[in-house]
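Numbers here are sequence positions counted from 1. This is a predicted model, so every value here is computed, not measured.
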Amino acid sequence: MANTITSRQNPLIKQLRLLTQKKGDFAATHFLVEGDHLVEEARRAGLIDKTLVDIRRAITEPEADILISEAIGTMLSQQKSWPGILGLCRR
């Protein structure tokens with residue numbers, strides 16, 4: 001069962017927010033990919049540390065490590081519309 005995060009104040013979400021801004025120590029070792037295709041490619045390459053999925057997609061994404069709210073996904077996404085899935089990858 002995946003963990004669920006709905007708070008923007010969660011320490012992991014704060015760290016990922018810094019990552020999207022390319023700030024902090026975490027940015028030197030990790031990066032985010034967005035969308036089904038890029039997450040799948042990163043998974044095949046063995047780069048994925050965690051998969052973050054929109055709560056509404058929980059049934060269709062059984063491999064999700066963390067379920068996040070739409071608001072958090074939108075905040076972390078660099079795209080115009082939140083694709084519903086993010087992959088946290090190692091460099």
* **Residues in salt bridge (charged side-chain N to carboxylate O under 4.0 Å, His left out) contact with Glu40, at least two apart in sequence or another chain** => Arg43, Arg44

* Asked: Who pairs with Leu18 by side-chain contact (heavy atoms from CB on, under 4.5 Å), at least two apart in sequence or on another chain?
  -> Gln21, Lys23

* Can you pull the salt bridge (charged side-chain N to carboxylate O under 4.0 Å, His left out) pairs that have at least one residue in residues 74-85, sequence neighbours excluded? -> none

* To do: Give a yes or no on whether the backbone of Ala71 and the side-chain of Thr74 come within a donor-acceptor separation of less than 3.5 Å.
  => no

* Asked: Between Val39 and Leu47, is there a shared hydrophobic cluster once you connect ILVMFWY residues whose side-chain heavy atoms come closer than 4.5 Å?
  -> yes

* With the side chain counted from C-beta on, respond yes when Ile5 and Leu67 share a heavy-atom pair under 4.5 Å apart, and no when they do not. => no

* Is the shortest heavy-atom distance from the side chain of Leu12 to the side chain of Ile66 under 4.5 Å? -> yes

* Only counting residues at least two apart or in another chain, list the ones meeting side-chain contact (heavy atoms from CB on, under 4.5 Å) with Thr6. => Thr4, Ile55, Ser69

* **Atom pair CG (Asp36) and CD (Glu41), whose distance is rounded to the nearest 0.5 Å** => 12.0 Å

* With sequence neighbours left out, what residues match Arg90 under side-chain contact (heavy atoms from CB on, under 4.5 Å)? -> His30, Asp49

* Nearest-0.5 Å distance that lies between atom CG in Leu32 and atom NZ in Lys50 -> 13.0 Å

* Applying salt bridge (charged side-chain N to carboxylate O under 4.0 Å, His left out), name anything that partners Arg56, two or more places apart in sequence or on another chain. => Asp54, Glu70

* Asked: According to a 4.5 Å side-chain heavy-atom criterion applied to Ile, Leu, Val, Met, Phe, Trp and Tyr, with indirect links allowed, do Ile13 and Trp82 form part of one hydrophobic cluster?
  -> yes

* Can you check whether Pro83 reaches Gln79 side chain to side chain, under 4.5 Å on heavy atoms? -> yes

* Interatomic distance, Gln9 atom CD to Lys14 atom NZ [nearest 0.5 angstrom] -> 4.5 Å

* **Side-chain donor or acceptor of Arg91 paired with backbone N/O of Ala27 under 3.5 Å** => yes

* For residues Ile85 and Leu38, determine if any side-chain heavy atom of one lies less than 4.5 Å from a side-chain heavy atom of the other. => no

* To do: Determine whether Phe31 and Val53 fall in the same hydrophobic cluster, where Ile, Leu, Val, Met, Phe, Trp and Tyr are linked whenever their side-chain heavy atoms lie under 4.5 Å apart.
  => yes

* **Donor-acceptor pair, side chain of Glu34 and main chain of Gln78, under 3.5 angstrom** => yes

* **Residue pair Leu86 / Leu76, side-chain heavy-atom distance below 4.5 Å** => yes

* Side chains of Leu19 and Leu88: does their closest heavy-atom pair fall under 4.5 Å? -> yes

* Asked: Do Ile72 and Phe26 share a hydrophobic cluster (ILVMFWY, side-chain heavy atoms under 4.5 Å, transitive)?
  -> yes

* Structure fact -> For Ile48 and Gly87, the nearest pair of non-hydrogen atoms, with its separation, is CD1-CA, 3.8 Å

